[in-house]
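One-based numbering along the sequence shown.
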Amino acid sequence: MNPPLRALFIGFGNVGQKVAEILFLEREKYPKLRDVNVKIIGIVTKSRGALVNTKGVDVVRALKDIRDIGRFSSLSPELVTISGIEAVRQLDYDVLVELSTLSIQQRGEPALSHVREALTRGRHVVTANKAPAAFAYHKLIELAREKGVRFLHESTVMDGTPVFSLAREGLKGATIRSVSGVLNSTTNFVLSRMEQGESLEAAVKIAQKEGFAEADPRHDLEGWDAAAKITVLANALMGASLTPFDVDRQGITHVSVQDAQRAVQAGKNLKLICKAWRDADTVRARVKLEEVERGHPFAPIHESGSILMIETDLLAPFIITETNPTLYDTAYGVINDLLTVAAATSPTPVL
């Protein structure tokens with residue numbers, strides 16, 4: 001077996017816990033994961049404490065503590081006092097797994113500093129946090145190339161659906177002219193429920209219970225999450241240098257049940273549509289609430305599903321659809337990136 005891939009986790013919310021559950025509790029269910037050798041040497045969180053063990057954190061106990069008491073136990077011999085940036089700078093690891101929450105008003109901090117510091121040290125980075133790629137994609141990619149490591153972010157858009165890897169490997173020689181779609185699960189879920197007469201507030205609570213809406217849903221409802229996602233797509237796939245503040249953004253906080261049901265009665269569906277397109281030598285982006293005709297490909301995307309249409313100069317427009325994802329989907333995107341890192345660092349192919 002190949003040497004273990006030593007991972008440092010910053011953030012251990014729903015996604016981080018699901019990654020850990022799959023790799024350490026459920027791996028025997030998945031034949032192609034049985035030989036994956038990942039060792040978590042540190043888990044640092046903002047409110048649940050921090051664990052460090054160079055021989056490998058007791059992940060099973062960590063998960064049990066989170067489930068039972070909501071934080072790492074004070075009795076754990078692995079419990080330490082260390083900040084995220086201190087861990088990134090001081091600990092010995094192969095890959096940083098950055099899973100902290102999205103920050104817009106702080107322009108991606110502290111996640112951006114975590115990623116930059118890890119890359120500067122010559123460590124790989126895997127992140128599900130949209131902020132680093134939304135605020136500094138090209139600088140981070142260039143730093144990764146300079147240091148000979150990878151900066152991977154598959155789970156930042158459409159959970160674990162292989163959007164960025166598909167573009168890297170499947171669109172060679174093609175220029176992407178535009179990308180558009182329904183990309184925020186929470187707002188799409190809420191709008192779908194409002195069509196059925198449920199209030200915005202009630203629909204949000206259900207989305208939170210299902211685990212795909214944050215405790216503070218404002219980033220979703222005000223369109224910031226969608227703006228960050230279309231920014232990442234524009235920067236990574238179209239060579240743009242946008243930030244979420246450059247996106248013409250609209251949310252759904254002003255939408256009423258009557259608005260949603262009126263659209264349905266007219267044969268339409270309300271959708272929060274993200275779009276980035278080329279305008280001469282620049283790339284523009286917007287997030288806009290639109291009434292979509294019933295026959296449009298975006299119309300049937302209900303509940304927590306998402307869809308992305310890619311238009312290029314060589315291919316006819318094609319569509320990637322994700323149907324009602326769960327935390328497993330987002331966790332798989334992280335694991336897929338970890339497998340890519342493992343393959344890059346190992347003399348033996350990792351399948």
Determine whether a donor-acceptor pair (N or O, by modelled atom type, separation under 3.5 Å) exists between the side chain of Asp329 and the backbone of Thr326.
yes
Looking only at heavy atoms, what is the nearest atom pair of Val115 and Glu98, with distance?
CG2-CG, 4.1 Å
Working note: His153 + Tyr137, criterion ring-ring contact (aromatic ring centres under 6.0 Å, His included); need CA distance, chi angles, decisive distance, verdict.
CA-CA 10 Å; His153 50 87; Tyr137 176 79; 5.7 Å; yes
Counting N and O atoms only, with roles assigned by atom type, does the side chain of Thr161 sit under 3.5 Å from a partner on the main chain of Val163, one being a donor and the other an acceptor?
no
Answer yes or no: are there more than 12 heavy-atom neighbours, outside Lys46 itself, under 6.0 Å from its atom NZ?
no
Nearest heavy-atom approach of Ser73 to Ile69 is CA-CD1, 3.9 Å
Nearest 0.5 Å, please: how far is CD in Glu109 from CD1 in Ile104?
12.5 Å
Taking 4.0 angstrom as the limit, do Asp225 and Lys130 come out as a salt bridge?
yes
Rounded to the nearest 0.5 Å, how far does CG of Leu338 lie from CG of Leu23?
7.0 Å
For residues 198-208, pull every pair meeting side chain to side chain donor-acceptor pair (under 3.5 Å), keeping only residues two or more places apart or in separate chains.
Arg193-Glu198
Can you confirm whether Arg294 is buried at CZ, in the sense that more than 12 heavy atoms of other residues, nucleotides or ligands lie under 6.0 Å from that atom?
yes
Decide, yes or no, whether a salt bridge links Asp68 with Arg61 under the criterion of side-chain N to carboxylate O below 4.0 Å.
no
Is any side-chain heavy atom of Val179 closer than 4.5 Å to one of Met238?
yes
Say you draw a straight line from OG of Ser185 to CD of Glu322; how long is it, rounded to the nearest 0.5 Å?
6.0 Å
In terms of side-chain geometry, is the basic nitrogen of Glu142 or Lys139 positioned less than 4.0 Å from the acidic oxygen of its partner?
no
Just checking, any donor-acceptor pair under 3.5 angstrom between side chains of Thr187 and Asp220?
no
Between Val44 and Leu51, is there shared hydrophobic-cluster membership here, with clusters defined by ILVMFWY side-chain heavy atoms closer than 4.5 Å?
no
Test item: Asn324 and Glu303 side chains (from C-beta on) under 4.5 Å apart, heavy atoms:
yes
Within the distance-only criterion (no hydrogens, no angle test), does the side chain of Gln250 pair as donor or acceptor with the backbone N or O of Leu289 below 3.5 angstrom?
yes
Minimum heavy-atom distance Arg71-Arg48, with the two atoms named:
CB-O, 3.6 Å
Looking just at side-chain N and O atoms, do Ser165 and Glu154 make a donor-acceptor pair shorter than 3.5 Å?
yes
With rounding to the nearest 0.5 Å, note down the distance linking OG in Ser155 to CG in Leu99.
8.5 Å
Joint cluster assignment, Val125 & Tyr93, ILVMFWY side-chain distance < 4.5 Å:
yes
Ser256 backbone acceptor or donor facing Asp259 side chain under 3.5 Å:
yes
Which heavy atom in Glu117 sits nearest to a heavy atom in Val88, and how many Å separate them?
CB-CG1, 3.6 Å
Can you tell me how far apart CD1 (Ile252) and CG (Leu272) are? Round to the nearest 0.5 Å.
7.0 Å
side-chain contact (heavy atoms from CB on, under 4.5 Å) test vs Val341 passes for just one of Val97, Asp94, Val126, Val38, namely Val126
Counting C-beta onward and ignoring hydrogens, is there a side-chain heavy-atom pair between Leu112 and Arg107 closer than 4.5 Å?
no
Mind listing the closest non-hydrogen atom pair of Val283 and Ala276 along with its distance?
CG1-CB, 4.4 Å
Is a side-chain N or O of Asn269 found less than 3.5 angstrom from the main chain of Pro300, in a donor-acceptor match?
no
Contact between Val182 and Ile273 at the side-chain level, heavy atoms closer than 4.5 Å - yes or no?
yes
Between Asn53 and Ile41, is any pair of side-chain heavy atoms under 4.5 Å apart?
no
Kindly indicate, with the supporting measurements, whether the criterion side chain to side chain contact (heavy atoms under 4.5 Å, CB included) is fulfilled by Glu146 and Leu119.
CA-CA 9 Å; Glu146 176 188 322; Leu119 294 175; over 6 Å; no
Under a 4.5 Å side-chain heavy-atom rule over Ile, Leu, Val, Met, Phe, Trp and Tyr, are Leu140 and Ile10 clustered together?
yes
Start with the C-alpha gap between Leu315 and Ile310, add the side-chain angles, then the distance that decides, and say whether side chain to side chain contact (heavy atoms under 4.5 Å, CB included) holds.
CA-CA 9 Å; Leu315 291 171; Ile310 300 178; over 6 Å; no
Pro244 side chain reached by Phe135 side chain, heavy atoms, under 4.5 Å:
yes
Arg278 (side chain) donor-acceptor with Ile176 (main chain) under 3.5 angstrom:
yes
ILVMFWY cluster, Phe318 and Ile301 together (side-chain gap under 4.5 Å):
no
Linking I/L/V/M/F/W/Y whenever any side-chain heavy atoms sit under 4.5 Å apart, do Ile320 and Leu183 land together?
yes
Has Asn129 got a side-chain atom pairing as donor or acceptor with Ser100's backbone, closer than 3.5 angstrom?
yes
Output, in order, the C-alpha distance, side-chain angles, deciding distance and verdict of side chain to side chain contact (heavy atoms under 4.5 Å, CB included) for Arg6 and Val95.
CA-CA 6 Å; Arg6 299 167 302 165; Val95 56; over 6 Å; no
Does a side-chain heavy-atom distance below 4.5 Å link Val255 with Met194?
yes
Please round to the nearest 0.5 Å and tell me the distance separating atom OG1 of Thr54 and atom CG of Leu91.
9.5 Å
Output yes when Glu290 and Lys271 qualify as a salt bridge under the 4.0 Å nitrogen-oxygen rule, no when they do not.
no
Are Asp313 and Arg177 ion-paired here, with the side-chain N under 4.0 Å from a carboxylate O?
no
Check for a donor-acceptor pair, side chain of Asp337 on one end and backbone N or O of Val334 on the other, with a separation under 3.5 Å.
no
Does Arg121 use its side chain to pair, donor to acceptor, with the backbone of Arg89 at less than 3.5 Å?
yes
Taking all atoms of both residues into account, what is the closest heavy-atom pair of Ile319 and Pro297, and its distance?
CD1-CB, 3.5 Å
For a 4.5 angstrom cut-off between non-hydrogen side-chain atoms, does Leu63 reach Glu21?
yes
Could you please spell out the steps behind the side chain to side chain contact (heavy atoms under 4.5 Å, CB included) verdict for Val19 and Tyr332?
CA-CA 7 Å; Val19 171; Tyr332 172 73; over 6 Å; no
With a 6.0 Å cut-off on the ring centroids, do Phe151 and His124 count as close?
no
Sub-3.5 Å donor-acceptor pair from the side chain of Asp216 to the main-chain atoms of Arg218, do we have one?
yes
Where does the angle between the aromatic ring planes of Phe12 and Phe72 fall among parallel (under 30°), tilted (30 to 60°) and perpendicular (over 60°)?
tilted
